[in-house]
Each structure stands twice: as C-alpha cells, then as structure tokens.
Colleague: 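The structure under discussion is supplied below as structure tokens; questions concerning it will follow.
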Amino acid sequence: MAILTGTDCTTSRLGSGLENCQPIEGLPNGVILTPKGWSLNKTSGTFDKAYVQEQVQLGNFIPLVGCFEAVAETPDATTQESQSGLIEVVRQGKPVFTCTYKKGLAFQKIAFSYNSYQQYDALITYETGYIKCAESVDGVSIKGLSVGMLNTNGYTENNGSNSASTILKFQVTDPFEYNRYVNLLTDLDFNPSTELYGITDVTLTGTASSSVGKLKVKASWLHNEQFSITGLSSANFKLSLNGVEEPVSAVTYDSTAKKYAITPDSTVSSGQSWIVTLHDFVNDVDCAQLGNKFYRGNTGAFVVTA
C-alpha cells in the first residue's frame, strides 16, 4: 500500500445545496448519558423503545430528561491576529450545555452522583421527540456525543422569585464531531421526554418468623421512606436461602402494613438466612420492570426468628 502524506481537502468539503426537507430538532430538554465507547450499527442495530429500555435496565443508559430548560452555549473560536490584521483560528469553541431541572432535592442528589470527567458520552433529547447523536466517520454506526466535564452545581434554593432547581452542565469536547458528524434520530416509537425513566433505587427491609412461615418485605423509595413501592409480583422477586437461589411460590401485598408477604417453596425455619432482591428473570438482571419504570434494591441478609 502506498504511503501518503498530506491530506485531500476536497474529500471533506460538502456541497452547499439544500433541499426543502430536513428535520428541525426544536428546543433541547434533556440528556441520556451513555458509556464511553458505546455505539450501535445503523444497519444491524435497532434504536427503539425496547432497546433503549433494555440499556436503561442494564445500567448503560442514564436518562436525565424532562428539564425545565436547556441552554447550549458555544464560545467563539480562539483566534490570533497578526500585526497586519490577519486573523487565524487557534482552536474552535467547545459547546457547553446547561440544563435546569425543577425536580426537587431527590433529583439534586441523583444528578450530583454523576459528576465526572470523560466518563460518559451524551445523547441530547429535544421537545420534538428527536435525539441528537454522532455518526462514525464512515457513517456505519451512531454513538453519543463526546463529553468531558459533567457537573451538577450546588442546589439552587427557592429565593422567592425563582423556585428551587438543579443545574447540570456538560461540555462536548469534539467540535469537529459536533458540527460535522452530528445527526438526529427521528421517527422513534417512543417520546424520550415522557416515556423514558431511569432506575428507581428502593430500600428493601426484610423480616421473617417461623411461626408465620412467610418473608415480610417492606419496599420504600430510597429518597422518601414513607413512599411505598406497590405493584410488585412474584416475577419481580429473587430469593436466596443460605446463599442458594430459592423459587417464589406466592406474593401478596398488605396495604395496611405496607409490606409484601412472600411465600418461598421451602419451609421458613428459625435460623435461616434470607436475601430478597428485585429481579427481572427475562433479562436476568437485578432490576425489576413495572411498565416503563425500573426498580432496584435488595434486603441484605436477614435471619428468621422463632
């Protein structure tokens, strides 16, 4: 193969003609964080609701959507001016997105936990239901926009004029990718702003006595112990008896005590050590799905009393 030096500038120039039909994304309203290195082949892959929900359930996608407003600012290019007044570009400006959320103190804690540098890439969501991504140079696959800084500022308190808010900022680090290889995912079978939920962390507390013969489990939202998670069934619980997985025979919910009564196949006996985990047996992941929502948590080991 011949050794080439220099570059063929003509191959990177695009024609200046425009047709009368192109998608307009509208206002940005959130971001879906993706792992560094994630990509999806445009021919063999399918970016639909089922795929995205699976990635959320696996912990690969983190949706931070439905923000109050999102402002994108790109600083002017840094330039150098000669004595004669000629200007040359030193570097291109890197876009910074500032997303404001009106979702309370719980969301502040959640968003703050993702503060990082070069740990995630980003798919940007829009009010039209479109999603902005980047394409590979060869056009074969899509990926998230390259992100460096991802930071949530301190909680902004209600000041009498503006309600409390969470402000998350992230910087797109590749101006060439952002301006040359950016594209929109359209005609999706879901609206990412209204149908996409992240994983809800659940505090599970387990007790059991041999006289009752059942495992009693209370499921509360991590950020509000007085909010009970209801609607779970036998398909959502995985049991471990002394370190060995145990089938679930039946599950009922006591709305007064706000506890699940779980009947395992084995007899509940004094001294046994049990762990109850929210689980999805279809995808074999410790994260239960109820409709469009996902729930994650386990009791830790608890011992059966007499």
Colleague: Between T186 and Y130 (side chain of the first, backbone of the second, donor and acceptor by atom type, cut-off under 3.5 Å), is there such a pair?
Modeller: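 No, T186 side chain to Y130 backbone: no donor-acceptor pair under 3.5 Å.
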Colleague: May I ask you to check whether over 12 heavy atoms, not counting those of K293, lie within 6.0 Å of atom NZ?
Modeller: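 Atom NZ in K293 is not crowded, with 12 or fewer foreign heavy atoms closer than 6.0 Å.
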Colleague: Is there side-chain contact between S116 and Y114, with heavy atoms separated by less than 4.5 Å?
Modeller: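 The answer is no, as the side chains (C-beta and beyond) never meet within the 4.5 Å cut-off.
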Colleague: Aromatic contact between F237 and Y260, with the criterion being ring centroids under 6.0 Å apart: yes or no?
Modeller: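 When the ring centroids of F237 and Y260 are compared, they turn out to be within the sub-6.0 Å range.
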Colleague: Does N236 use its side chain to pair, donor to acceptor, with the backbone of L278 at less than 3.5 Å?
Modeller: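 Judged by distance alone, no pair lies under 3.5 Å.
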Colleague: Are more than 12 heavy atoms from other residues, nucleotides or ligands located less than 6.0 Å from atom CD of Q118?
Modeller: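 Atom CD in Q118 is packed in, count exceeds 12.
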Colleague: Verify, without hydrogens or angle tests, whether S136 (side chain) and S141 (backbone) share a donor-acceptor contact under 3.5 angstrom.
Modeller: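 Yes, S136 side chain to S141 backbone: donor-acceptor pair under 3.5 Å.
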Colleague: L64, I199: one ILVMFWY side-chain cluster at the under-4.5 Å cut-off?
Modeller: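 Result: no, two separate clusters.
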Colleague: To the nearest 0.5 Å, tell me how far N283 CG sits from D286 CG.
Modeller: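 CG of D286 is found 12.0 Å from CG of N283.
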Colleague: How far apart are the closest heavy atoms of D121 and P35, and which atoms are they?
Modeller: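 For D121 versus P35, the nearest heavy atoms are OD2-O, 4.3 Å.
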Colleague: Under 4.5 Å between side-chain heavy atoms, hopping through other hydrophobics if needed: is there a path connecting V217 to V268?
Modeller: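 Yes, it is one cluster - the side chains of V217 and V268 are joined through contacts under 4.5 Å.
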Colleague: Quick one: are V202 and Y295 in side-chain contact, heavy atoms under 4.5 Å?
Modeller: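 In short, these two side chains touch, coming nearer than 4.5 Å.
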Colleague: Is there side-chain contact between K238 and N298, with heavy atoms separated by less than 4.5 Å?
Modeller: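 They are not in contact (no side-chain heavy atoms under 4.5 Å apart), so the answer is no.
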Colleague: Got a second to check how far Q80's CD is from R91's CZ, nearest 0.5 Å?
Modeller: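 Here the rounded value is 12.0 Å.
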Colleague: Side chains of S84 and S82: donor-acceptor distance under 3.5 Å anywhere?
Modeller: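 There is such a pair between these side chains.
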Colleague: Please check if the side chain of D48 supplies one atom and the backbone of D189 the other of a donor-acceptor pair under 3.5 Å.
Modeller: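 Side chain of D48 to backbone of D189, a donor-acceptor pair under 3.5 Å: no, none is there.
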Colleague: Would you say V65 ends up clustered with I110 if hydrophobic residues are merged whenever their side chains have heavy atoms under 4.5 Å apart, either directly or through other cluster members?
Modeller: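 No, because I110 and V65 fall into different hydrophobic clusters, even though each may have its own neighbours under 4.5 Å.
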Colleague: Donor-acceptor pair, distance only, cut-off 3.5 Å: does the side chain of T74 make one with the backbone of V96?
Modeller: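 Between the backbone of V96 and the side chain of T74 there is no qualifying donor-acceptor contact (under 3.5 Å).
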Colleague: Look at the side-chain heavy atoms of Ile, Leu, Val, Met, Phe, Trp and Tyr, link any pair under 4.5 Å apart, and say whether I124 and I142 land in one connected group.
Modeller: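 Shared cluster, no.
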Colleague: How close do F170 and A122 get, heavy atom to heavy atom, and via which atoms?
Modeller: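 Closest pair (atom of F170, atom of A122, distance): CE1-CB, 4.1 Å.
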Colleague: Please report the shortest heavy-atom distance between V304 and S210, naming the atom on each side.
Modeller: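 Nearest heavy atoms, V304 then S210: CG1-N, 3.5 Å.
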Colleague: So, N29 and T125: side-chain donor and acceptor under 3.5 Å apart, yes or no?
Modeller: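 Yes.
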Colleague: Taking everything shown except N158 itself, do over 12 heavy atoms lie less than 6.0 Å from its CG?
Modeller: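 Result for CG/N158: enclosed.
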Colleague: Are more than 12 heavy atoms from other residues, nucleotides or ligands located less than 6.0 Å from atom CG of D76?
Modeller: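 No, the 6.0 Å shell around CG holds no more than 12 heavy atoms from other groups.
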Colleague: I'd like to know whether NZ of K103 has more than 12 heavy-atom contacts from other residues, nucleotides or ligands below 6.0 angstrom.
Modeller: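 More than 12 within 6.0 Å, yes.
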Colleague: Looking at T299 and G206, would you say the former's side chain and the latter's main chain have a donor-acceptor pair under 3.5 Å?
Modeller: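 Checking the backbone N and O of G206 against the side chain of T299, no donor-acceptor pair under 3.5 Å is found.
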Colleague: Taking atom CZ as the centre, does F68 end up with more than 12 heavy-atom neighbours from other residues, nucleotides or ligands that are less than 6.0 angstrom away?
Modeller: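 Counting neighbours around CZ of F68, 12 or fewer heavy atoms of other residues, nucleotides or ligands fall under 6.0 Å, so no.
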Colleague: Any side-chain heavy atom of K258 sitting closer than 4.5 Å to one from Y253?
Modeller: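 Contact flag for K258/Y253 side chains = yes.
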Colleague: Any donor and acceptor pair, going by atom type alone, linking the side chain of H279 with main-chain N or O of V285 inside 3.5 Å?
Modeller: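 Yes, H279 side chain to V285 backbone: donor-acceptor pair under 3.5 Å.
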Colleague: Verify, without hydrogens or angle tests, whether E177 (side chain) and S146 (backbone) share a donor-acceptor contact under 3.5 angstrom.
Modeller: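 Checking the backbone N and O of S146 against the side chain of E177, a donor-acceptor pair under 3.5 Å is found.
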Colleague: Let me confirm one number: the CD-CG distance from Q171 to L150, rounded to the nearest 0.5 Å.
Modeller: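 It is 11.5 Å, given to the nearest 0.5 Å.
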Colleague: Determine whether L168 and Y126 fall in the same hydrophobic cluster, where Ile, Leu, Val, Met, Phe, Trp and Tyr are linked whenever their side-chain heavy atoms lie under 4.5 Å apart.
Modeller: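 Looking at the clustering, Y126 is in the same group as L168.
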Colleague: When the ring planes of F107 and Y101 are compared, do they come out parallel, tilted or perpendicular, using 30° and 60° as the limits?
Modeller: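 Rings of F107 and Y101: tilted, as their planes differ by 30° to 60°.
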Colleague: Could you report the tightest heavy-atom contact between P264 and L239, atom names first, then the distance?
Modeller: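 Where P264 meets L239 most closely, the heavy atoms are CB-CD1, 3.7 Å.
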Colleague: Judged by atom type as modelled, is there a donor-acceptor pair below 3.5 Å linking the side chain of T256 to the main-chain atoms of D254?
Modeller: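 It does not hold such a pair.
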Colleague: I need the K218 NZ to I229 CD1 distance, nearest 0.5 Å.
Modeller: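 So the NZ of K218 and the CD1 of I229 are separated by 10.0 Å.
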Colleague: Which pair of heavy atoms, one from N41 and one from T43, lies closest together, and at what distance?
Modeller: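 For N41 and T43, the tightest heavy-atom pair comes out as OD1-N, 2.8 Å.
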Colleague: Determine the interplanar angle of the F227 and W221 rings, folded into 0 to 90°, and report it as parallel if under 30°, tilted if 30 to 60°, perpendicular if over 60°.
Modeller: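 Judged by the thresholds at 30° and 60°, the geometry between F227 and W221 is perpendicular.
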Colleague: Quick check for you: to the nearest 0.5 Å, what is the distance between I275 atom CD1 and N242 atom CG?
Modeller: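 So the gap between those two atoms works out to 9.5 Å.
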Colleague: Give a yes or no on whether F47 atom CZ has more than 12 heavy-atom contacts from other residues, nucleotides or ligands under 6.0 Å away.
Modeller: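 Atom CZ in F47 is packed in, count exceeds 12.
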Colleague: If you draw a 6.0 Å radius around NZ in K169, do more than 12 non-hydrogen atoms from other residues or ligands fall strictly inside?
Modeller: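 Not buried by this count: 12 neighbours or fewer within 6.0 Å.
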Colleague: Will you find, in the side chains of Q53 and N292, an N or O donor that is under 3.5 Å from an N or O acceptor?
Modeller: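 Yes, because at least one side-chain N or O of Q53 sits under 3.5 Å from a partner of the opposite role on N292.
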Colleague: Just wondering, do T305 and S209 contact through their side chains at under 4.5 Å, heavy atoms?
Modeller: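 When only atoms from C-beta onward are counted, T305 and S209 do touch, with a gap below 4.5 Å.
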Colleague: Where do V56 and G198 come nearest, in terms of heavy atoms and distance?
Modeller: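 It is CG1-CA, 4.1 Å.
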Colleague: Please check if the side chain of Q108 supplies one atom and the backbone of N153 the other of a donor-acceptor pair under 3.5 Å.
Modeller: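 Checked: pair present.
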